[in-house]
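Working notes, structure below.
In this chain, numbering begins with 1 at the start of the sequence shown.
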Amino acid sequence: MAGWNRGRLRPLFTRLSILEGIIVCLGVVTTGTSSSKQLVAAPPHVIFVLSDDTGWYNVGFHNPAIHTPNMDALVKEGVELSRHYTFQFCSPTRSALMSGRLPLHVNQRNNAEWGWTATPVDERMTMLPKRLKAAGYTTLHVGKWHLGLARHAFTPTGRGFDHSIGFLSGSEEHYSQLKGCVGSGIKGKFAVDLWEDHAQGYGRNGTYSAALYGGAVVQAINVQPAGKPLFVYAAMQQTHEPEEAPANFVNLYPNGTMLPLVRVYNGMASALDSTIGNITKAVKARGFWSNTLFIYASDNGGPSLCGSACPGNNYPLRGCKGTDFEGGVRTAAFVSGGIVPTARWGKTADGNIHVADWMATILTLAGLEVTEDDPAVPKVDSIDVWPVIVGTSDGHGPRNEIPLRYSDNDNVAIIVGDFKLVKGRNAGGGLHWGPNFPNASGTPVMNDSSCVEGCLFNLTADEGEYHNLKGELPDTYTALEQRILEIGIGVYQSDENGTYDYDGAIRAAKQRFNVSASGWWWGPWLS
């Protein structure tokens with residue numbers, strides 16, 4: 001494993017550089033702005049809804065054909081975050097959110113499935129819910145975890161949540177909560193993956209995921225003591241495959257003019273929206289809304305290409321889940337709630353936000369400092385981005401640089417200022433999708449050659465990433481490439497020493513057979 005730099009990321013340049021006749025500030029922007037600590041008096045309730053694989057164009061506030069009235073209303077009474085960035089797929093995004101570190105300083109892999117023995121978030125890294133305990137928060141997790149499952153210490157309650165109900169792996173059936181073990185050769189419906197607090201959620205399976213997890217959030221809100229702040233991490237399963245949704249949501253979309261799989265996928269988005277509506281109604285009914293921050297984001301872009309035509313759509317952005325193009329890493333996102341100034345309602349914040357930045361932002365709102373962990377692990381990268389939300393920051397905001405990925409020297413991506421470098425193989429080569437997906441005949445080749453030799457884009461002028469400027473601005477390209485290679489020296493993979501123990505995980509699942517709760521059950525097997 002490569003070594004890592006224990007200091008924070010240093011700015012790319014400390015001077016202005018004239019590149020090809022354009023003055024580009026490539027350093028970290030410093031602004032004279034107010035922090036969240038100065039703007040919020042008491043620790044707010046925080047509701048963070050992270051959806052799964054939701055496309056940029058699969059929400060109503062980007063596409064009027066999608067029925068998400070609750071989210072649309074929250075955007076109108078909140079702030080859309082137009083440059084909210086994540087990793088290109090699941091577990092690394094969640095690792096960044098919970099640890100406050102950029103993926104390249106915590107986890108860039110999707111290993112955390114049944115059989116994997118390690119956690120993708122080093123146990124020496126203090127997760128957000130545990131940090132919030134210092135401000136008196138009640139903490140709840142529902143839905144997808146994907147951050148470790150071999151030991152009880154890796155589960156949500158093992159990492160700081162007071163309560164949790166959800167699945168520990170990366171995906172499962174929406175109705176039955178059944179999950180296979182693909183790496184071992186066991187596919188399909190094998191055992192139930194449903195974990196509640198410290199044990200299997202016997203008797204809780206068999207309900208559609210959005211209703212199950214949304215119901216758990218509403219229940220928690222209803223019993224929350226009035227004087228105690230609540231943090232909810234609702235890691236919803238929608239809109240991840242398998243594509244399953246109740247008929248009343250699927251029927252919102254025209255039959256015949258829309259492909260069946262696309263109808264179901266969009267129905268999942270509407271089911272998610274209904275759950276969000278139920279949650280916000282519960283918060284308002286308790287009188288909590290005036291002191292609530294509601295955050296919504298997807299964990300990555302929609303899966304527009306998964307070896308075949310997948311139903312997500314990221315129009316007008318390029319690419320999809322599994323790529324470093326904007327359609328893979330720039331996600332639909334917004335904030336709402338009573339602590340968002342009314343003067344900002346209906347506005348769009350254009351400053352850069354990485355999902356890792358929510359740790360510093362939420363902790364500062366709660367009146368807490370971002371303290372460092374064991375010096376043997378990388379420092380926290382999170383930046384307080386409240387100035388972006390309330391509109392007091394300039395330019396790209398306090399995060400001018402976003403290292404998106406470093407797999408090796410030939411597979412990297414970074415944003416600095418207006419510019420973005422993408423180098424390496426990306427699923428589908430970063431196709432451009434039309435508003436009515438799919439809009440091409442035939443199935444494009446996976447891992448197309450696009451940008452293997454490196455591309456440079458000006459995101460301010462070309463958010464669709466149509467125009468490769470590498471040849472026109474070679475100095476800018478070289479500067480960004482050198483920067484991500486410098487950062488790559490400090491890459492850190494938390495579960496580098498993990499292994500697969502399929503036999504142990506499967507044997508433990510079979511020992512948990514429960515007749516009344518429909519068969520075998522997954523759970524930690526090394527504890």
Side-chain angles (χ1 to χ4, degrees), residues 6 8 35-50 86 91-103 105-107 119-143 145-148 152-164 166 197 217 220 224-225 227-235 291-295 297 335 337 339 353-386 389 398-399 492 494:
R6 296 186 183 183
R8 293 185 185 276
S35 73
S36 50
K37 185 182 295 186
Q38 296 171 289
L39 298 174
V40 178
H45 304 291
V46 179
I47 311 293
F48 198 121
V49 176
L50 186 72
T86 66
S91 182
T93 291
R94 297 158 201 276
S95 300
L97 173 61
M98 288 290 106
S99 73
R101 290 160 173 86
L102 295 164
H105 284 156
V106 55
N107 170 39
T119 171
V121 179
D122 194 304
E123 290 185 88
R124 295 167 292 184
M125 297 179 180
T126 307
M127 284 195 180
L128 177 58
K130 188 172 183 179
R131 291 174 181 269
L132 285 171
K133 300 303 291 181
Y137 275 79
T138 301
T139 56
L140 169 71
H141 157 267
V142 302
W145 184 235
H146 214 194
L147 295 178
H152 284 85
F154 300 166
T155 67
T157 52
R159 299 304 297 263
F161 282 99
D162 294 318
H163 303 289
S164 169
D197 290 345
V217 175
Q224 179 69 12
K228 190 175 178 64
L230 173 67
F231 172 68
V232 174
Y233 172 40
N291 191 37
T292 291
L293 174 64
F294 185 99
I295 306 167
V335 295
I339 72 167
I353 296 175
H354 191 277
V355 69
D357 294 329
W358 289 114
M359 173 177 278
T361 306
I362 292 169
L363 290 178
T364 307
L365 286 168
L368 300 173
E369 300 291 336
V370 181
T371 57
E372 294 298 344
D373 292 314
D374 189 317
V377 296
K379 289 187 174 182
V380 173
D381 298 306
S382 190
I383 297 172
D384 179 6
V385 292
W386 190 250
I389 294 168
R399 182 170 286 287
Y492 186 89
S494 293

Checklist entry - Who passes side chain to side chain donor-acceptor pair (under 3.5 Å) against S91, sequence neighbours left out? => result N107
Checklist entry - Can you name the nearest heavy-atom pair linking P398 to I383, along with the distance? => result CB-CG2, 3.8 Å
Checklist entry - With sequence neighbours excluded, what pairs up with E123 under the side chain to side chain donor-acceptor pair (under 3.5 Å) test? => result none
Next on the checklist: Tell me every residue that passes salt bridge (charged side-chain N to carboxylate O under 4.0 Å, His left out) with R101, counting only those two or more places apart in sequence or in another chain.
Outcome noted: D373
Item to check | Contact summary for A366 and A135, nearest pair of heavy atoms | outcome: O-CB, 3.8 Å
Checklist entry - Is there a donor-acceptor pair closer than 3.5 Å between any side-chain N or O of R159 and the backbone N or O of V121? => result yes
Next on the checklist: List the residues meeting side-chain contact (heavy atoms from CB on, under 4.5 Å) with T292, not counting sequence neighbours, and say none if there are none.
Outcome noted: H45, I47, V283, F288, W289
Item to check | Heavy-atom closest pair, residues T126 and M359 | outcome: O-CE, 3.8 Å
Item to check | By side chain to side chain donor-acceptor pair (under 3.5 Å) - contacts of D357 (at least two apart) | outcome: R399
Checklist entry - With sequence neighbours left out, what residues match K133 under side-chain contact (heavy atoms from CB on, under 4.5 Å)? => result T139, D162
Item to check | side chain to side chain donor-acceptor pair (under 3.5 Å) partners for S99, two or more places apart | outcome: none
Item to check | Backbone N/O of A360 and side chain of S382: donor-acceptor pair under 3.5 Å | outcome: yes
Checklist entry - Any donor and acceptor pair, going by atom type alone, linking the side chain of D374 with main-chain N or O of R124 inside 3.5 Å? => result no
Item to check | Partners passing ring pair (Phe, Tyr, Trp, His ring centres under 6.0 Å) against Y233 (at least two apart in sequence or in another chain) | outcome: H141
Checklist entry - What residues form a side-chain contact (heavy atoms from CB on, under 4.5 Å) with A297, not counting sequence neighbours? => result L50, H84, T331, A333
Checklist entry - Is a side-chain donor or acceptor of K379 paired with a backbone partner of E372 at a separation under 3.5 angstrom? => result no
